[in-house]
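Side chains are part of it too, since the values below use all heavy atoms of this structure and drop only hydrogens, waters and symmetry mates.
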Amino acid sequence: MKKSNKKEISISVNNLHICYRGLKKFSIKQSLLKLKTSKLEIFEALKGVSFEIEKGKILGIVGKNGSGKSTLLRSIAGIFSPDKGSINLHGNTISLLSIGVGFQPALTGYENIFLSGMLLGFSEEQVREKLKDIIEFSELGDFIYSPVKTYSSGMYSKLAFSITAILETDIMLIDEVLSVGDIQFKAKSYAKMKELISDTNRTVVIVSHSTGTLRELCDEILWLHEGKIKMLGNCDEVLDKYQEFMEADALKREEAKKQEEEQLKKVIQEQKKK
């Protein structure tokens, strides 16, 4: 009997659209008073995004700010519901590692470990079994018993990373967290991340502005631009094109800035003559 060469898929994203809605040009009070007559401003963050990730693969996502990277990660994690299209995780467990997502600020770090663990689908007993390892890896010491709202961004990052790293899920979504924290913890978390993603059964999606990190860790790169996929494929090929684009974009913005400054100088000179 021949073995099947069919690839096992961990994540399927099909024609995904995510929109943000908000009332335009009104204060909260005005919005409440004029809710029926106010027009909703709709911003489409993702516009028909489709792709699949094979089990065990590591996908990097790049794009300039506002391109939809974090929105895509949050929609895969189930935080945002699609306005159109679908996301299929094929029965896999999933965790999102992102600053500002997942913790209750008024609860202690200790309490948030249990809350986060159970939200990830683990039982209280399973979390308790890993509790000591999570606390030790976080290096928070007695701060683990302080409310998370008192934490610095580095402390928050340490706890978030520790929970995700120790309570291993089938799919890991990572949003820029490796760039936060002190040098020692950054090195430790990077080493732990490399250990976790070396598991051929684990699928990883990383959003990062560090092309060096993505080149080293990822199998493929997805380039998002204005809510659409601009390119998807080989790491070096996509990242080289992306860097060229960003350099050209930076030159355009610098030129536009110079032109604005020149126009401002002319206006000031004309006013002085008057």
Apply salt bridge (charged side-chain N to carboxylate O under 4.0 Å, His left out) to K192 and E195, showing your working. CA-CA 5 Å; K192 182 65 176 177; E195 176 192 325; 3.4 Å; yes
Decide yes or no on side chain to side chain contact (heavy atoms under 4.5 Å, CB included) for M193 and M172, but give the supporting numbers first. CA-CA 10 Å; M193 183 56 58; M172 293 180 66; 3.9 Å; yes
Go through the steps to decide whether E8 and H90 satisfy the test side chain to side chain contact (heavy atoms under 4.5 Å, CB included), and finish with yes or no. CA-CA 9 Å; E8 187 174 352; H90 301 278; over 6 Å; no
Can you check side chain to side chain contact (heavy atoms under 4.5 Å, CB included) on F161 and I174, steps first, answer last? CA-CA 9 Å; F161 185 91; I174 304 162; over 6 Å; no
Show your working on side chain to side chain contact (heavy atoms under 4.5 Å, CB included) between I76 and L96 and close with a plain yes or no. CA-CA 9 Å; I76 295 173; L96 170 63; over 6 Å; no
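Residue F103 is tested with V148, L115, I113 for a side chain to side chain contact (heavy atoms under 4.5 Å, CB included); the sole match is V148.
Note that CZ of F245 is 4.0 Å distant from NE2 of H225, once rounded to the nearest 0.5 Å. Here T203 contributes atom OG1 and N92 contributes atom CG; the two are 6.5 Å apart, rounded to the nearest 0.5 Å. Separating the SG atom in C19 from the NZ atom in K84 is a distance of 10.0 Å, to the nearest 0.5 Å. Atom CD of E168 is separated from atom CZ of R202 by 4.5 Å, given to the nearest 0.5 angstrom. Atom-to-atom distance recorded for T93:OG1 and I171:CD1 is 7.5 Å, nearest 0.5 angstrom. In this structure, OG in S123 is found 9.0 Å from CE in M118, a value given to the nearest 0.5 Å.
Contact check for I221 versus L232: no side-chain heavy atoms found under the 4.5 Å cut-off. Taking 4.5 Å as the limit, every side-chain heavy atom of R74 sits out of range of all side-chain heavy atoms of I18. Here the side chains of L222 and L224 are in contact, with some heavy-atom distance below 4.5 Å. Looking at heavy atoms from C-beta onward, E216 lies in side-chain contact with K194 at the 4.5 angstrom threshold. Proximity of K158 to Y151: side-chain heavy atoms (C-beta onward) are nowhere separated by under 4.5 Å.
A donor-acceptor pair under 3.5 Å is absent between the side-chain atoms of N201 and the main chain of D170, judged by distance alone. In this structure a side-chain-to-backbone donor-acceptor pair under 3.5 Å is missing from S157 to S153.
Looking at every heavy atom in both residues, T150 comes nearest to S146 through OG1-CB, 3.9 Å. The two residues A77 and I94 come nearest to each other via the heavy atoms CA-CD1, 4.3 Å. Here the closest heavy-atom approach between residue P82 and residue G85 is recorded as CB-O, 3.8 Å. Contact between G117 and V127 at its shortest, heavy atoms only, is CA-CG2, 3.8 Å. The two residues S75 and L16 make their nearest non-hydrogen contact at OG-CD2, 3.5 Å. Nearest heavy-atom pair, D236 versus N234, reported as atom, atom and distance to 0.1 Å: N-OD1, 3.1 Å.
When the side chains of ILVMFWY residues are joined at heavy-atom separations under 4.5 Å, either directly or via intervening members, I9 and L73 end up in two distinct hydrophobic clusters.
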Please set out all donor-acceptor pairs under 3.5 angstrom arising from side-chain atoms of residues 128-143, sequence neighbours excluded.
residue	atom	partner	partner atom	Å
R128	NH2	E124	OE2	3.0
S138	OG	I135	O	2.7
S138	OG	L140	N	3.4
E139	OE2	K188	NZ	2.8

Name the atoms and distances for all side-chain donor-acceptor pairs under 3.5 Å in residues 43-66, with sequence neighbours left out.
residue	atom	partner	partner atom	Å
E44	OE2	H17	ND1	2.5
K47	NZ	E226	O	3.3
S50	OG	N15	N	2.6
E52	OE2	S12	OG	3.4
N65	OD1	H209	NE2	3.4

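Between Y110 and F114, the ring-plane angle classifies as tilted under the 30° and 60° cut-offs.
Residues that satisfy the side chain to side chain donor-acceptor pair (under 3.5 Å) test with S70, not counting sequence neighbours, are D175.
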